[in-house]
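A quick write-up on the structure given underneath.
Everything numeric in this text was worked out from a predicted model, so none of it was measured.
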Amino acid sequence: MTLPILVLNSQADRRLKLGHLWIYSNEVDVAKSPLKSFSMGQQALVTTNSGKPLGIALVNPNGLICGRLVSRDEKYPLNKSLLVHRIKQSLALREMAFDEPFYRLIYGDADLLPGLVVDRFGDYLVVQIASAGMELVKGEIVEALVQVLNPHGVLLANEHSARALEGLSEYTEVAYGEVPESVELVENGTRFMAPVHGGQKTGWFYDHRMNRALLQQYVQGRRVLDVFSYIGGWGVQAAVAGASEVFCVDASESATDAVLENAQLNGVADKVAAIQGKAIDVLKELIASDERFDVVVLDPPAFIKKRKDQKAGEAAYRHINELGMRLLGRDGLLVSASCSMHLGKDTLLEIVRASGRHLDRHVQIIGQGGQGPDHPIHPAIPETDYLKAVFARVYLA
């Protein structure tokens, strides 16, 4: 394969040599390699300004991030052979970390496949493609997954906003075999049915697995409130771990219905209730009703999706943390989580601290967590390190 050449400005190769995978548009020598000469998603050989090969990248000529490396060897472009190799490498990590086949199999840049996410639900795979370059080889992606894993079905769940940045349309389709509307998974000894066709993202969020496991040691005999519960990842696991009562709150009726179904699946339906409504409204109603809980879990969607959202997003995190603390008894546990990459760990800790002081409560941090090993962090790309969970004891001193 003869590839077009993307030439970098002098000294612009330093980040790539240090391990990063991204190329910014202002790093390209547009006199030697005009970005407008590349088509969306095209593979290109990246070179230093003097012509030394650096690897092969997928190009988005219209983006601020105009290239993402998929290979550091010019002999290995992105094709089925390289995909098989990358998938096997990723699978080896997951099989080392987990006993059962339920995990994020491919995590984009961190697994050297930028723009590609694959979640595994036993014999079913759910694929999300976020780049034009990956879209161009989606047939090879499916073939490689089938070759390595021999699944019963592969679903392309490509209805997400990131695709618009690459000029891609949204769709969901079964690309191989058959994939039912919901598929089963097991996490921390608890069974769930994930709505892979119509649910959020791929149907499940594997990233908080370790944090949900940590919660289990604090819920025995306790009353738990799970806010932004989706289909009950935190709450149903808490009930299985011995919580006396669990209340799951979500704005989606289909999500709260799924909470009750998953509780039934695990034999804890008598301990789990679901409340449909906007989180802020429900929290305020519970406060007005003088409800109290031993444990409150706050796992909201990303309030800070872009840097321009920083101030408003931090205020939103502060607001829900204060509401959550007001619902704790005199000595309770708050689990405050964030999936906003732009919210630093120190900032979340400061929000928890400030919320406690505003309510005249003493806060002790008894645990902190991040994403599990199926969401490995690329050390040169801080954007791959996004998940935070703070476990805080909150009490009247």
Side-chain angles (χ1 to χ4, degrees), residues 182 184-196 198-216 218-219 222-287 289 291-303 316-317 319-321 323-325 327-328 332-340 369 387-391:
S182 294
E184 186 169 352
L185 68 110
V186 180
E187 183 179 286
N188 300 325
T190 306
R191 297 166 64 198
F192 292 90
M193 295 301 296
V196 293
Q200 296 179 24
K201 303 291 185 177
T202 65
W204 182 251
F205 297 90
Y206 281 120
D207 50 4
H208 268 304
R209 178 199 316 257
M210 302 308 192
N211 303 317
R212 295 185 187 121
L214 179 59
L215 178 66
Q216 293 185 10
Y218 298 113
V219 298
R222 300 199 171 190
R223 197 171 195 239
V224 177
L225 179 65
D226 176 9
V227 189
F228 307 99
S229 68
Y230 185 40
I231 62 175
W234 294 87
V236 175
Q237 289 189 42
V240 171
S244 60
E245 287 183 280
V246 175
F247 296 83
C248 292
V249 178
D250 200 275
S252 165
E253 182 179 3
S254 61
T256 52
D257 287 346
V259 166
L260 299 178
E261 292 167 4
N262 286 321
Q264 183 73 38
L265 186 64
N266 289 279
V268 293
D270 59 322
K271 299 197 292 185
V272 177
I275 304 171
Q276 183 197 352
K278 292 184 178 179
I280 298 297
D281 296 339
V282 173
L283 289 171
K284 290 179 177 178
E285 289 169 7
L286 291 171
I287 291 169
S289 301
E291 293 282 355
R292 291 294 181 269
F293 299 89
D294 302 302
V295 179
V296 173
V297 178
L298 304 172
D299 184 16
F303 289 157
Y317 281 111
H319 188 41
I320 63 164
N321 274 270
L323 292 175
M325 285 185 184
L327 283 165
L328 287 172
L333 176 69
L334 179 76
V335 181
S336 181
S338 169
C339 61
S340 294
L387 197 73
K388 297 153 285 281
V390 174
F391 289 70

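Nearest heavy atoms, Asp299 versus Ala337: OD1-CB, 3.8 Å. Contact record, Asp250 with Ser229: OD2-N, 3.6 Å, taken as the closest heavy-atom pair. Considering all non-hydrogen atoms of both residues, Ala194 and Leu185 come closest at CB-CD2, 3.7 Å. Here the closest non-hydrogen pair linking Asn211 and Leu387 is ND2-CD2, 4.1 Å. The minimum heavy-atom distance between Val186 and Arg191, with the atom names listed, is CG2-CG, 4.2 Å. Glu187 approaches Trp204 most closely through the heavy-atom pair OE1-NE1, 3.1 Å.
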Pair up each side-chain donor or acceptor in residues 269-280 with any protein partner under 3.5 Å, not counting sequence neighbours, and list the distances.
| residue | atom | partner | partner atom | Å |
| --- | --- | --- | --- | --- |
| Lys271 | NZ | Ala239 | O | 2.8 |
| Lys271 | NZ | Ala243 | O | 3.0 |
| Gln276 | NE2 | Ala251 | O | 3.4 |

Val219 vs Val246, side chain to side chain contact (heavy atoms under 4.5 Å, CB included): CA-CA, chis, key distance, verdict: CA-CA 10 Å; Val219 298; Val246 175; over 6 Å; no
- Going through the distances and angles, do Leu215 and Phe391 end up as a side chain to side chain contact (heavy atoms under 4.5 Å, CB included)? CA-CA 8 Å; Leu215 178 66; Phe391 289 70; 4.1 Å; yes
### Query
Can you check side chain to side chain contact (heavy atoms under 4.5 Å, CB included) on Asn266 and Val236, steps first, answer last?
CA-CA 8 Å; Asn266 289 279; Val236 175; 3.8 Å; yes
I would like to know whether Arg212 and Phe205 meet side chain to side chain contact (heavy atoms under 4.5 Å, CB included); could you show each step before the answer?
CA-CA 11 Å; Arg212 295 185 187 121; Phe205 297 90; 4.2 Å; yes
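Ring-plane geometry between Phe228 and Phe303 is classed as perpendicular, the angle between the planes exceeding 60 degrees on a 0 to 90 degree scale with a lower cut at 30.
With rounding to the nearest 0.5 Å, the separation of CG in Leu283 from CG in Leu327 is 6.0 Å.
Using a distance-only test at 3.5 Å, with no hydrogens or angles considered, no donor-acceptor pair links the side chain of Tyr218 to the main chain of Leu333. Side-chain atoms of Ser289 do not come within 3.5 Å of backbone N or O of Glu291 as any donor-acceptor pair. Under the 3.5 Å distance criterion, the side-chain polar atoms of Tyr230 are matched with a main-chain donor or acceptor of Gly203. Listed for the Asn262 side chain is a donor-acceptor partner under 3.5 Å among the backbone atoms of Ile231. In this structure, Asp294 contributes its side chain and Arg222 its backbone to no donor-acceptor pair below 3.5 Å. Not a single donor-acceptor pair under 3.5 Å links the side chain of Arg209 to the backbone N or O of Asn188.
Contact of the Pro300 side chain with the Tyr317 side chain is registered, since non-hydrogen atoms from C-beta on lie closer than 4.5 Å.
Sorted by first and then second residue, the pairs that involve residues 240-263 and meet ring-ring contact (aromatic ring centres under 6.0 Å, His included), not counting sequence neighbours, are Phe247-Phe293.
Counting non-hydrogen atoms of other residues, nucleotides and ligands closer than 6.0 Å to CD of Gln264 gives a total of 12 or fewer.
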